[in-house]
Chemist: 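Take a look at the following structure, please.
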There are 2 protein chains.
Amino acid sequence: MAKTNAAFMSGVPELLVLRLLSREEMYGYQIVRGIRQATGESIILAEGVIYPTLHGLEKKGYLSARSRTVEGRSRVYYHITAKGKKRFAAISKQWNKITASVNACLEFAYV
Amino acid sequence: MAKTNAAFMSGVPELLVLRLLSREEMYGYQIVRGIRQATGESIILAEGVIYPTLHGLEKKGYLSARSRTVEGRSRVYYHITAKGKKRFAAISKQWNKITASVNACLEFAYV
DNA sequence: GGTTGACACCTATAACTACTAGGTATAATT
DNA sequence: AATTATACCTAGTAGTTATAGGTGTCAACC
(Lines give C-alpha, C1' and ligand atoms only; values in the text may rest on other atoms or scores of the structure.)
Protein backbone atom coordinates (compact mmCIF):
# COMPACT_ATOMS: atom_id res chain seq x y z
CA MET A 1 0.00 0.00 0.00
CA ALA A 2 1.05 3.59 -0.08
CA LYS A 3 0.66 7.17 0.98
CA THR A 4 -2.39 8.97 -0.41
CA ASN A 5 -5.27 7.41 1.43
CA ALA A 6 -3.01 5.32 3.62
CA ALA A 7 -4.42 2.65 5.86
CA PHE A 8 -8.01 1.53 6.31
CA MET A 9 -8.44 1.07 2.58
CA SER A 10 -8.19 -2.68 2.17
CA GLY A 11 -11.36 -4.02 0.62
CA VAL A 12 -12.75 -0.55 0.07
CA PRO A 13 -12.23 -0.34 -3.70
CA GLU A 14 -14.11 -3.60 -4.22
CA LEU A 15 -16.87 -2.53 -1.87
CA LEU A 16 -17.41 0.85 -3.51
CA VAL A 17 -17.19 -0.44 -7.06
CA LEU A 18 -19.79 -3.12 -6.37
CA ARG A 19 -21.93 -0.55 -4.64
CA LEU A 20 -21.88 1.87 -7.54
CA LEU A 21 -22.52 -0.84 -10.09
CA SER A 22 -25.42 -2.29 -8.13
CA ARG A 23 -27.25 0.91 -9.03
CA GLU A 24 -26.42 1.24 -12.65
CA GLU A 25 -24.04 0.25 -15.38
CA MET A 26 -20.93 2.43 -15.36
CA TYR A 27 -17.55 2.68 -17.03
CA GLY A 28 -14.20 2.91 -15.29
CA TYR A 29 -13.39 6.55 -15.68
CA GLN A 30 -16.89 7.40 -14.51
CA ILE A 31 -16.39 5.33 -11.38
CA VAL A 32 -13.15 7.12 -10.60
CA ARG A 33 -14.87 10.48 -10.73
CA GLY A 34 -17.97 9.15 -9.01
CA ILE A 35 -16.06 8.07 -5.92
CA ARG A 36 -14.18 11.35 -5.74
CA GLN A 37 -17.38 13.33 -5.96
CA ALA A 38 -19.48 11.15 -3.68
CA THR A 39 -16.89 11.39 -0.91
CA GLY A 40 -16.05 15.04 -1.42
CA GLU A 41 -12.47 14.12 -2.32
CA SER A 42 -12.09 12.27 0.98
CA ILE A 43 -11.47 9.08 -0.92
CA ILE A 44 -9.60 9.26 -4.17
CA LEU A 45 -9.20 5.96 -5.95
CA ALA A 46 -7.12 6.63 -9.02
CA GLU A 47 -7.41 4.85 -12.33
CA GLY A 48 -4.48 2.64 -11.41
CA VAL A 49 -6.60 1.27 -8.57
CA ILE A 50 -9.99 1.10 -10.24
CA TYR A 51 -9.07 -0.57 -13.52
CA PRO A 52 -7.27 -3.52 -11.94
CA THR A 53 -10.15 -3.84 -9.49
CA LEU A 54 -12.67 -3.99 -12.32
CA HIS A 55 -10.62 -6.59 -14.18
CA GLY A 56 -10.30 -8.69 -11.04
CA LEU A 57 -14.00 -8.54 -10.28
CA GLU A 58 -14.84 -9.45 -13.83
CA LYS A 59 -12.46 -12.39 -13.71
CA LYS A 60 -14.18 -13.64 -10.57
CA GLY A 61 -17.57 -13.39 -12.25
CA TYR A 62 -18.88 -10.53 -10.14
CA LEU A 63 -19.00 -8.16 -13.09
CA SER A 64 -19.57 -8.42 -16.77
CA ALA A 65 -18.26 -5.97 -19.34
CA ARG A 66 -19.25 -4.72 -22.76
CA SER A 67 -17.80 -2.06 -25.03
CA ARG A 68 -19.95 0.75 -26.21
CA THR A 69 -19.28 3.90 -28.15
CA VAL A 70 -21.10 6.86 -26.66
CA GLU A 71 -20.78 10.46 -27.80
CA GLY A 72 -17.93 9.52 -30.07
CA ARG A 73 -16.02 7.86 -27.25
CA SER A 74 -15.28 4.23 -26.74
CA ARG A 75 -16.06 3.06 -23.25
CA VAL A 76 -16.08 -0.23 -21.37
CA TYR A 77 -19.26 -0.52 -19.37
CA TYR A 78 -19.49 -2.89 -16.44
CA HIS A 79 -22.59 -4.26 -14.85
CA ILE A 80 -22.97 -6.41 -11.77
CA THR A 81 -23.94 -10.08 -12.03
CA ALA A 82 -26.13 -12.12 -9.68
CA LYS A 83 -22.97 -13.55 -8.19
CA GLY A 84 -21.67 -10.02 -7.76
CA LYS A 85 -24.78 -9.00 -5.87
CA LYS A 86 -24.29 -11.84 -3.44
CA ARG A 87 -20.70 -10.85 -3.04
CA PHE A 88 -21.68 -7.25 -2.37
CA ALA A 89 -24.21 -8.35 0.23
CA ALA A 90 -21.54 -10.43 1.96
CA ILE A 91 -18.81 -7.83 2.06
CA SER A 92 -21.05 -4.94 3.00
CA LYS A 93 -22.28 -7.02 5.91
CA GLN A 94 -18.72 -7.68 6.88
CA TRP A 95 -17.86 -4.01 6.53
CA ASN A 96 -20.63 -3.14 8.96
CA LYS A 97 -19.58 -5.80 11.39
CA ILE A 98 -15.94 -4.80 11.46
CA THR A 99 -16.50 -1.06 11.61
CA ALA A 100 -19.05 -1.50 14.37
CA SER A 101 -16.61 -3.60 16.36
CA VAL A 102 -13.77 -1.17 15.90
CA ASN A 103 -15.99 1.75 16.83
CA ALA A 104 -17.09 -0.07 19.95
CA CYS A 105 -13.45 -0.41 20.95
CA LEU A 106 -12.70 3.20 20.13
CA GLU A 107 -15.63 4.68 21.94
CA PHE A 108 -15.68 2.63 25.01
CA ALA A 109 -15.81 -0.69 26.60
CA TYR A 110 -13.38 -3.45 27.07
CA VAL A 111 -12.41 -5.18 30.24
CA MET B 1 -3.47 -11.24 4.26
CA ALA B 2 -5.68 -14.24 4.75
CA LYS B 3 -9.03 -15.73 5.45
CA THR B 4 -10.18 -15.29 9.04
CA ASN B 5 -10.99 -11.60 9.19
CA ALA B 6 -10.43 -11.00 5.50
CA ALA B 7 -10.57 -7.49 4.11
CA PHE B 8 -11.19 -4.19 5.88
CA MET B 9 -8.47 -4.91 8.40
CA SER B 10 -5.63 -2.77 7.17
CA GLY B 11 -4.56 -0.34 9.86
CA VAL B 12 -6.91 -1.88 12.39
CA PRO B 13 -4.31 -3.70 14.51
CA GLU B 14 -2.32 -0.51 14.96
CA LEU B 15 -5.44 1.49 15.72
CA LEU B 16 -6.76 -0.92 18.33
CA VAL B 17 -3.42 -1.49 20.01
CA LEU B 18 -2.83 2.23 20.40
CA ARG B 19 -6.36 2.63 21.64
CA LEU B 20 -6.03 -0.02 24.32
CA LEU B 21 -2.66 1.26 25.45
CA SER B 22 -3.85 4.84 25.64
CA ARG B 23 -5.92 3.69 28.59
CA GLU B 24 -3.43 1.62 30.50
CA GLU B 25 -0.22 -0.32 30.30
CA MET B 26 -0.81 -3.82 28.92
CA TYR B 27 1.13 -6.86 27.77
CA GLY B 28 0.79 -8.65 24.46
CA TYR B 29 -1.17 -11.69 25.45
CA GLN B 30 -3.56 -9.48 27.39
CA ILE B 31 -4.14 -7.34 24.31
CA VAL B 32 -4.93 -10.41 22.22
CA ARG B 33 -7.62 -11.49 24.67
CA GLY B 34 -8.77 -7.91 25.19
CA ILE B 35 -9.59 -7.39 21.52
CA ARG B 36 -11.38 -10.72 21.28
CA GLN B 37 -13.50 -9.94 24.29
CA ALA B 38 -14.19 -6.30 23.48
CA THR B 39 -15.45 -7.18 20.02
CA GLY B 40 -17.32 -10.31 21.08
CA GLU B 41 -15.08 -12.46 18.89
CA SER B 42 -15.94 -10.33 15.86
CA ILE B 43 -12.33 -9.35 15.52
CA ILE B 44 -9.69 -11.87 16.41
CA LEU B 45 -6.15 -10.63 16.13
CA ALA B 46 -3.90 -13.56 16.94
CA GLU B 47 -0.54 -13.39 18.63
CA GLY B 48 1.19 -13.60 15.29
CA VAL B 49 -0.42 -10.28 14.41
CA ILE B 50 -0.18 -8.49 17.74
CA TYR B 51 3.43 -9.19 18.62
CA PRO B 52 4.87 -7.92 15.34
CA THR B 53 2.58 -4.90 15.61
CA LEU B 54 3.86 -4.12 19.09
CA HIS B 55 7.47 -4.45 17.96
CA GLY B 56 6.84 -2.21 14.99
CA LEU B 57 5.16 0.46 17.06
CA GLU B 58 7.94 0.36 19.60
CA LYS B 59 10.53 0.71 16.87
CA LYS B 60 8.73 3.80 15.57
CA GLY B 61 8.72 5.31 19.04
CA TYR B 62 4.98 5.09 19.60
CA LEU B 63 5.34 2.58 22.41
CA SER B 64 7.86 1.82 25.08
CA ALA B 65 8.33 -1.59 26.70
CA ARG B 66 9.51 -2.95 30.01
CA SER B 67 9.71 -6.44 31.41
CA ARG B 68 7.99 -7.25 34.64
CA THR B 69 7.39 -10.43 36.56
CA VAL B 70 3.85 -10.60 37.88
CA GLU B 71 2.35 -13.56 39.69
CA GLY B 72 5.34 -15.66 38.86
CA ARG B 73 5.06 -14.90 35.15
CA SER B 74 7.38 -12.84 33.03
CA ARG B 75 5.55 -10.32 30.90
CA VAL B 76 6.48 -7.49 28.55
CA TYR B 77 4.38 -4.45 29.33
CA TYR B 78 3.92 -1.71 26.77
CA HIS B 79 2.86 1.86 27.37
CA ILE B 80 2.11 4.59 24.88
CA THR B 81 4.49 7.52 24.41
CA ALA B 82 3.64 11.15 23.68
CA LYS B 83 4.50 10.49 20.05
CA GLY B 84 2.19 7.48 20.15
CA LYS B 85 -0.67 9.60 21.44
CA LYS B 86 -0.26 11.97 18.52
CA ARG B 87 -0.16 9.05 16.16
CA PHE B 88 -3.32 7.64 17.67
CA ALA B 89 -5.11 10.96 17.35
CA ALA B 90 -4.10 11.14 13.69
CA ILE B 91 -5.13 7.65 12.69
CA SER B 92 -8.38 7.61 14.63
CA LYS B 93 -9.30 10.84 12.89
CA GLN B 94 -8.49 9.22 9.59
CA TRP B 95 -10.47 6.13 10.52
CA ASN B 96 -13.52 8.29 11.18
CA LYS B 97 -13.09 10.17 7.95
CA ILE B 98 -12.77 7.10 5.77
CA THR B 99 -15.54 5.10 7.38
CA ALA B 100 -17.87 8.08 7.21
CA SER B 101 -17.13 8.52 3.52
CA VAL B 102 -17.61 4.87 2.74
CA ASN B 103 -20.84 4.77 4.70
CA ALA B 104 -22.09 7.80 2.81
CA CYS B 105 -21.48 5.94 -0.44
CA LEU B 106 -23.13 2.81 0.84
CA GLU B 107 -26.21 4.49 2.19
CA PHE B 108 -26.95 6.94 -0.49
CA ALA B 109 -25.81 9.74 -2.59
CA TYR B 110 -23.58 10.04 -5.55
CA VAL B 111 -24.25 11.53 -8.91
C1' DG C 1 5.72 -38.74 37.46
C1' DG C 2 3.82 -37.49 33.28
C1' DT C 3 0.52 -35.22 30.51
C1' DT C 4 -2.42 -31.63 29.38
C1' DG C 5 -3.77 -26.97 28.96
C1' DA C 6 -3.42 -22.13 29.86
C1' DC C 7 -0.15 -18.51 29.88
C1' DA C 8 3.36 -15.74 27.49
C1' DC C 9 6.53 -14.77 24.19
C1' DC C 10 8.55 -14.99 19.35
C1' DT C 11 9.51 -15.14 13.95
C1' DA C 12 9.72 -16.49 8.96
C1' DT C 13 7.04 -16.90 5.20
C1' DA C 14 3.06 -16.40 2.44
C1' DA C 15 -0.51 -13.91 0.52
C1' DC C 16 -2.99 -10.12 -0.50
C1' DT C 17 -3.95 -5.68 -2.37
C1' DA C 18 -3.64 -0.70 -2.89
C1' DC C 19 -0.71 2.71 -4.79
C1' DT C 20 2.63 4.79 -7.82
C1' DA C 21 4.13 5.89 -12.06
C1' DG C 22 4.37 5.25 -15.94
C1' DG C 23 2.15 4.48 -20.93
C1' DT C 24 -1.35 4.87 -25.23
C1' DA C 25 -5.01 7.10 -27.86
C1' DT C 26 -8.94 10.19 -29.09
C1' DA C 27 -11.84 14.35 -28.77
C1' DA C 28 -12.52 19.00 -27.36
C1' DT C 29 -10.83 23.31 -26.13
C1' DT C 30 -7.71 27.29 -26.15
C1' DA D 1 -0.71 23.90 -32.70
C1' DA D 2 -0.79 22.85 -28.15
C1' DT D 3 -3.07 21.74 -24.19
C1' DT D 4 -6.61 19.65 -21.47
C1' DA D 5 -10.05 16.25 -20.55
C1' DT D 6 -11.61 11.84 -21.58
C1' DA D 7 -10.75 6.89 -21.49
C1' DC D 8 -8.23 2.95 -21.22
C1' DC D 9 -4.19 0.03 -19.57
C1' DT D 10 -0.19 -2.48 -16.80
C1' DA D 11 4.25 -3.47 -14.36
C1' DG D 12 6.32 -3.05 -10.32
C1' DT D 13 6.52 -1.53 -5.42
C1' DA D 14 5.51 -1.66 -0.92
C1' DG D 15 3.03 -2.05 3.10
C1' DT D 16 0.48 -5.27 6.13
C1' DT D 17 -2.08 -8.92 7.83
C1' DA D 18 -2.49 -13.88 8.55
C1' DT D 19 -0.66 -18.44 8.86
C1' DA D 20 1.85 -21.70 10.92
C1' DG D 21 5.03 -22.89 13.06
C1' DG D 22 8.36 -22.57 17.39
C1' DT D 23 10.09 -21.99 22.65
C1' DG D 24 9.38 -22.06 27.61
C1' DT D 25 6.90 -21.75 32.28
C1' DC D 26 3.36 -22.88 35.55
C1' DA D 27 -0.73 -25.24 37.45
C1' DA D 28 -3.81 -28.94 37.54
C1' DC D 29 -5.12 -33.45 36.85
C1' DC D 30 -4.76 -38.46 36.45
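In what follows, chains carry the letters A, B, and so on, assigned in the order in which the sequence lines appear, proteins first and then strands, with residues in each chain numbered from 1.
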Chemist: Could you list the residues that satisfy salt bridge (charged side-chain N to carboxylate O under 4.0 Å, His left out) with A:R73, not counting sequence neighbours?
Modeler: none
Chemist: Mind calculating the distance between CD1 (A:I44) and P (C:dA18) to the nearest angstrom?
Modeler: 16 Å
Chemist: Nearest whole Å is fine: how far is D:dT4 C1' from A:R33 CZ?
Modeler: 14 Å
Chemist: Can you give the donor-acceptor pairs under 3.5 Å from side chains of residues 29-36 of chain A to other protein atoms, not counting sequence neighbours?
Modeler:
from  : atom 1 : to    : atom 2 : distance (Å)
A:Q30 : OE1    : A:Y27 : N      : 3.2
A:R36 : NE     : A:E41 : OE2    : 3.4
A:R36 : NH2    : A:E41 : OE1    : 3.1
A:R36 : NH2    : A:E41 : OE2    : 3.3

Chemist: Mind calculating the distance between CG (A:L16) and P (C:dC19) to the nearest angstrom?
Modeler: 11 Å
Chemist: Please list, in numerical order, the residues of residues 47-56 of chain A that have a heavy atom closer than 4.0 Å to any atom of DNA chain C.
Modeler: A:G48, A:V49
Chemist: Would you give the length of the straight line joining atom CZ of A:F8 to atom CG of B:N96, rounded to the nearest 0.5 angstrom?
Modeler: 9.0 Å
Chemist: Please list, chain by chain and in numerical order, all residues satisfying salt bridge (charged side-chain N to carboxylate O under 4.0 Å, His left out) with A:R68, sequence neighbours excluded.
Modeler: A:E25
Chemist: Rounded to the nearest 0.5 Å, how far does CG of A:L63 lie from CD1 of A:I80?
Modeler: 6.5 Å
Chemist: Report yes if at least one side-chain N or O of A:Y27 is closer than 4.0 Å to OP1 or OP2 of D:dC8; otherwise report no.
Modeler: no
Chemist: Separation of B:L15 atom CG from D:dT17 atom C1', in whole Å?
Modeler: 15 Å
Chemist: Please give, in whole Å, the distance from C:dC19 P to A:R36 CZ?
Modeler: 14 Å
Chemist: My understanding is that only residues two or more places apart in sequence, or in another chain, count here; which of them pass side chain to side chain contact (heavy atoms under 4.5 Å, CB included) with A:A46?
Modeler: none
Chemist: Sub-3.5 Å donor-acceptor pair from the side chain of B:S10 to the main-chain atoms of A:S10, do we have one?
Modeler: yes
Chemist: Rounding to an integer number of Å, can you tell me how far A:E14 CD sits from C:dC19 P?
Modeler: 14 Å
Chemist: On the nucleotide D:dC8, are OP1 or OP2 found under 4.0 Å from the side-chain N or O atoms that A:Y29 carries?
Modeler: no
Chemist: How long is the straight-line distance from OH of A:Y78 back to CE of A:M26, given to the nearest 0.5 Å?
Modeler: 13.0 Å
Chemist: Got a second to check how far A:F88's CZ is from A:L16's CG, nearest 0.5 Å?
Modeler: 9.0 Å
Chemist: Which ones in residues 69-78 of chain B lie close to DNA chain D, meaning a heavy atom under 4.0 Å from one of its atoms?
Modeler: B:G72, B:R73
Chemist: Whole angstroms only, please: what is the CZ-P distance between A:R68 and D:dT6?
Modeler: 18 Å
Chemist: Expressed as a whole number of angstroms, how long is the span from B:I91:CD1 to D:dG15:C1'?
Modeler: 15 Å
